[in-house]
Amino acid sequence: MKPLRLLLLICLLSTGAKAQYVANNKRIADVYFQNKDYYAAAEYYKKALNISTDSIGFVVPYAFEAKVKNESPKRPEYEYCVFQLASSLRLYKDFRGAEAWYAIARNFSNPKYVLSIFYFGESQRSNQKFNDAIISFKEFLTKYKANDDYAEKAKLEIASCNFALYEMRYPRLYKFSKLLNQINDQGSNYTPLLMNNNFYFTSSRPVVVGTKTKTIRDSKMKTKVVKAENPFINAIYSASGNPQRTSTTVQKIGAPEKGKEFAAPAFSPNGRVMYMTSWSGAGNRKIYQVNVSKGTGQVWAAPKVLGTEVNVEGFNSMQPFVTKDGKYLIFSSDRPGGLGKYDLWYCKLRSDGTLSEASNMGNTINSKENEEAPYYNARTKKLLFSSNGRVGMGGLDFYESSGDFGAWSEPRNLGFPFNSSKDDAYFTPADSEDSEGYISSDRESVCCLEIFHVKKDFLTVEGTVLDCKTNLPLDSAVVTLSDSVQIIKVITQADGKYRFRVNSNRQIRIKAEKNLYFRKVLSYNYDELAKLDTLLNPRICLDGFIINKPVILENILYDFNSYKLNPASEVILDKLYQKLVDNETLEIELSAHTDNVGKDAYNLKLSERRAQSCVDYLVRKGIAASRITTKGYGFSKPIAPNQLPSGKDNPQGRQLNRRTEFKVTKQ
């Protein structure tokens with residue numbers, strides 16, 4: 001008889017006394033916990049605590065804490081069972097139940113339960129109580145004194161909670177829908193994969209064994225006969241037709257192998273070689289290995305374990321992925337030589353099907369924690385993977401990096417709602433641009449992964465670049481759009497039109513520029529963009545200039561015999577300020593002129609002071625003084641006569657001469 005069954009039998013046959021009953025259930029629970037059967041462990045810890053075993057929507061019984069305090073002789077046993085129950089629920093991904101029990105365990109004085117505070121915060125974060133989680137993690141940092149990684153993890157969790165609060169305030173443009181058909185059946189359903197119009201996935205649904213039956217008694221003690229089922233077994237399935245249909249046919253792939261479980265299929269480009277993860281469901285430690293099977297797509301040979309290029313004895317390798325060009329096999333492993341727990345590794349796939357030695361994907365991709373579920377688009381050169389070792393929404397999050405297996409860009413989190421506060425992994429595309437596909441997530445489940453369809457939403461930005469003076473379209477203008485994740489450029493044709501399609505509504509910046517024109521920048525924030533489906537025709541007109549040719553600043557006015565700016569003049573200077581902001585390399589000369597009333601020296605000094613007043617205003621607003629030179633010309637450069645031909649005063653001419661100008665000295 002197997003050791004686990006033997007121990008359970010011994011425990012169940014023990015005396016029925018209450019104390020012994022509690023002790024036996026605790027021992028049974030411990031056995032299940034050690035074997036990572038956390039659901040069963042939780043049920044028996046509940047029995048040990050003499051509470052209901054109903055785990056659906058479970059809450060802590062009324063006055064339970066008082067009971068623990070009052071039964072002081074049994075307090076150590078109660079504390080142990082409460083902590084273990086909370087941990088079982090957390091590891092089973094029932095974070096609502098875990099939060100309720102860690103709320104009790106976090107107050108235990110025994111220092112061996114101090115991690116309850118950390119796990120309490122983790123459960124709060126998973127339940128989207130981000131502000132409460134931050135408080136818990138900060139409390140943990142004040143109380144935890146051990147020299148290990150938990151303090152660093154708590155700091156990462158705080159950063160992640162702040163990130164999640166921002167992401168949920170400014171959600172990104174994605175549409176999600178859970179598959180509501182036979183694909184999301186009992187158990188966990190995950191690792192979606194589209195290949196040759198077939199939809200493959202892994203499921204841990206129970207498998208009915210032939211027509212064998214067993215007799216049981218229902219709640220009314222009536223006898224009935226039911227089909228005998230084995231435990232929830234992970235196996236690979238395929239679904240026919242559109243995965244989003246309300247009904248589909250699901251078929252198990254491959255013949256069952258006793259004691260073996262399979263998951264995460266991947267195929268060679270021709271569809272005749274299938275890689276998968278396998279493990280044995282028995283024993284205290286499961287070892288995951290990558291297997292390979294050859295077949296026709298309908299019939300598959302018995303899987304074989306890949307060699308030491310991928311699988312290292314005593315270590316785990318799992319979640320294979322084959323690039324569409326057939327050049328690389330990527331997988332996740334805790335094999336020696338890694339940077340964290342599970343790292344991403346890759347092997348080159350030779351034309352004869354053999355593999356090179358595995359190479360680690362490096363510290364840009366891999367963290368101290370887990371990197372899993374790789375997907376690589378060989379055409380766009382973008383890697384998508386899941387990690388729980390970086391700032392993110394919580395649990396496993398999707399990250400994207402660009403590269404070619406020689407170098408990778410810093411991974412960026414794909415944000416909310418692509419990621420949730422729970423686990424999100426296993427992307428498969430439905431198109432070549434990765435704008436639509438399927439993922440696995442437990443965001444809507446108490447415990448288990450489910451499969452979701454995801455599709456990018458887009459904002460269309462289009463308009464025309466014009467000459468401000470002629471109102472005619474400008475060709476060869478460069479229009480640049482930048483958002484939170486990308487920079488895109490287009491060059492206008494004769495019609496002056498530009499068009500962008502972006503998957504962002506956080507903040508968009510549009511910059512239009514052309515040689516010998518002042519660059520112009522338009523910015524739109526989230527509140528403006530969230531109201532729009534399409535941002536239609538933001539017309540951008542550009543003002544032209546000629547180097548060293550003065551441009552008059554109309555209506556810069558001063559009081560008589562004064563160099564102080566009035567409010568109306570500041571409004572005009574604000575427009576010049578914006579030009580200098582939009583054109584950060586531009587350098588100008590700002591000059592002031594007077595009419596010929598008064599002495600030359602006085603007018604020269606007055607004009608210099610007026611020019612300096614304008615410069616001082618611009619510098620106070622943030623323009624570098626080094627970009628502006630000043631010049632006072634007095635009345636040495638009139639642009640209109642100060643007197644009429646008759647010798648009489650010319651008020652209009654004098655007004656034109658009392659002007660402020662600027663000219664571009666460097667573009």
Side-chain angles (χ1 to χ4, degrees), residues 467-470 511-521 541-645 647 649-667:
D467 183 299
C468 289
K469 188 174 182 179
T470 65
K511 178 174 65 177
E513 52 193 333
K514 182 178 170 67
N515 189 39
L516 296 180
Y517 281 84
F518 291 110
R519 179 189 301 151
K520 186 168 287 186
V521 178
C541 79
L542 301 182
D543 291 306
F545 66 86
I546 299 173
I547 298 289
N548 288 321
K549 182 177 180 179
V551 178
I552 297 174
L553 291 168
E554 303 285 355
N555 298 318
I556 297 289
L557 305 174
Y558 303 91
D559 294 335
F560 178 73
N561 200 30
S562 171
Y563 57 85
K564 291 185 178 180
L565 292 169
N566 61 30
S569 300
E570 291 178 353
V571 172
I572 304 303
L573 283 174
D574 285 342
K575 296 179 181 179
L576 176 58
Y577 163 77
Q578 192 59 51
K579 277 187 168 64
L580 291 169
V581 169
D582 291 348
N583 299 263
E584 61 272 11
T585 62
L586 214 64
E587 295 182 8
I588 65 170
E589 177 192 276
L590 200 150
S591 57
H593 303 259
T594 68
D595 57 25
N596 64 352
V597 175
K599 295 182 179 180
D600 290 358
Y602 178 81
N603 280 333
L604 182 63
K605 192 68 174 176
L606 180 62
S607 65
E608 288 173 348
R609 288 177 174 174
R610 285 178 172 176
Q612 190 61 47
S613 292
C614 295
V615 173
D616 290 344
Y617 178 79
L618 295 171
V619 170
R620 283 197 302 272
K621 286 179 70 70
I623 302 300
S626 60
R627 295 177 60 193
I628 312 173
T629 57
T630 59
K631 183 71 175 177
Y633 287 96
F635 57 81
S636 65
K637 291 182 177 291
I639 59 171
N642 290 296
Q643 287 85 27
L644 297 172
D649 186 59
N650 180 9
Q652 291 81 14
R654 291 186 190 280
Q655 184 177 17
L656 290 172
N657 288 328
R658 297 191 299 271
R659 68 195 188 276
T660 300
E661 298 174 335
F662 78 94
K663 62 183 178 183
V664 177
T665 58
K666 181 182 177 182
Q667 189 173 9

Taking distance alone, no hydrogens or angles, what donor-acceptor pairs closer than 3.5 Å link side-chain atoms of residues 632-643 to residues at least two apart or in another chain?
{"unit_1": "Tyr633", "atom_1": "OH", "unit_2": "Glu589", "atom_2": "OE2", "d": "3.2"}
{"unit_1": "Ser636", "atom_1": "OG", "unit_2": "Tyr633", "atom_2": "O", "d": "2.7"}
{"unit_1": "Asn642", "atom_1": "OD1", "unit_2": "Asn657", "atom_2": "ND2", "d": "2.9"}

Distance from [X] atom [atom1] to [Y] atom [atom2], nearest 0.5 Å?
{"X": "Glu554", "Y": "Lys575", "atom1": "CD", "atom2": "NZ", "value": "10.0 Å"}
{"X": "Leu573", "Y": "Ile623", "atom1": "CG", "atom2": "CD1", "value": "11.5 Å"}
{"X": "Arg627", "Y": "Thr665", "atom1": "CZ", "atom2": "OG1", "value": "10.0 Å"}
{"X": "Leu590", "Y": "Thr630", "atom1": "CG", "atom2": "OG1", "value": "8.0 Å"}
{"X": "Arg610", "Y": "Tyr563", "atom1": "CZ", "atom2": "OH", "value": "11.0 Å"}
{"X": "Glu570", "Y": "Ile556", "atom1": "CD", "atom2": "CD1", "value": "9.5 Å"}

Can you name the nearest heavy-atom pair linking [X] to [Y], along with the distance?
{"X": "Ser613", "Y": "Leu565", "value": "O-CD1, 3.7 Å"}
{"X": "Gln667", "Y": "Leu516", "value": "NE2-N, 3.5 Å"}
{"X": "Lys520", "Y": "Leu542", "value": "CB-CD2, 3.7 Å"}
{"X": "Cys614", "Y": "Thr660", "value": "SG-CG2, 4.1 Å"}
{"X": "Ile588", "Y": "Leu576", "value": "CD1-CD2, 4.2 Å"}
{"X": "Asp543", "Y": "Lys579", "value": "OD2-NZ, 3.4 Å"}

Arg519 bridged to Glu584 by N-O distance under 4.0 Å: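 So Arg519 pairs with Glu584 through a salt bridge.
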
Residues Arg659 and Glu661 bridged, charged N to O under 4.0 Å: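 Counted as a salt bridge, because a side-chain N and a carboxylate O are separated by less than 4.0 Å.
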
Neighbour count >12 (heavy atoms, 6.0 Å) for atom NZ, Lys605: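 Check fails, neighbour count at 12 or below.
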
Proximity of Phe518 and Phe545 rings by center, below 6.0 Å: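 Yes, the ring centres sit under 6.0 Å apart.
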
Residue pair Glu513 / Lys511, side-chain heavy-atom distance below 4.5 Å: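 A side-chain contact under 4.5 Å exists here.
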
Test log, rule side-chain hydrogen bond (donor to acceptor under 3.5 Å, both in side chains), inputs Asp616 and Gln612: CA-CA 6 Å; Asp616 290 344; Gln612 190 61 47; 2.9 Å; yes

All salt bridge (charged side-chain N to carboxylate O under 4.0 Å, His left out) counterparts of Asp467, not counting sequence neighbours: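 Listed in chain order: nothing, the list is empty.
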
Working for side-chain contact (heavy atoms from CB on, under 4.5 Å), residues Asn548 and Val664: CA-CA 5 Å; Asn548 288 321; Val664 177; over 6 Å; no

Backbone of Leu586 reached by a side-chain donor or acceptor of Asn583 within 3.5 Å: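 A pair under 3.5 Å: no.
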
Stepwise side-chain contact (heavy atoms from CB on, under 4.5 Å) test for Asp582 and Gln578: CA-CA 6 Å; Asp582 291 348; Gln578 192 59 51; 3.0 Å; yes

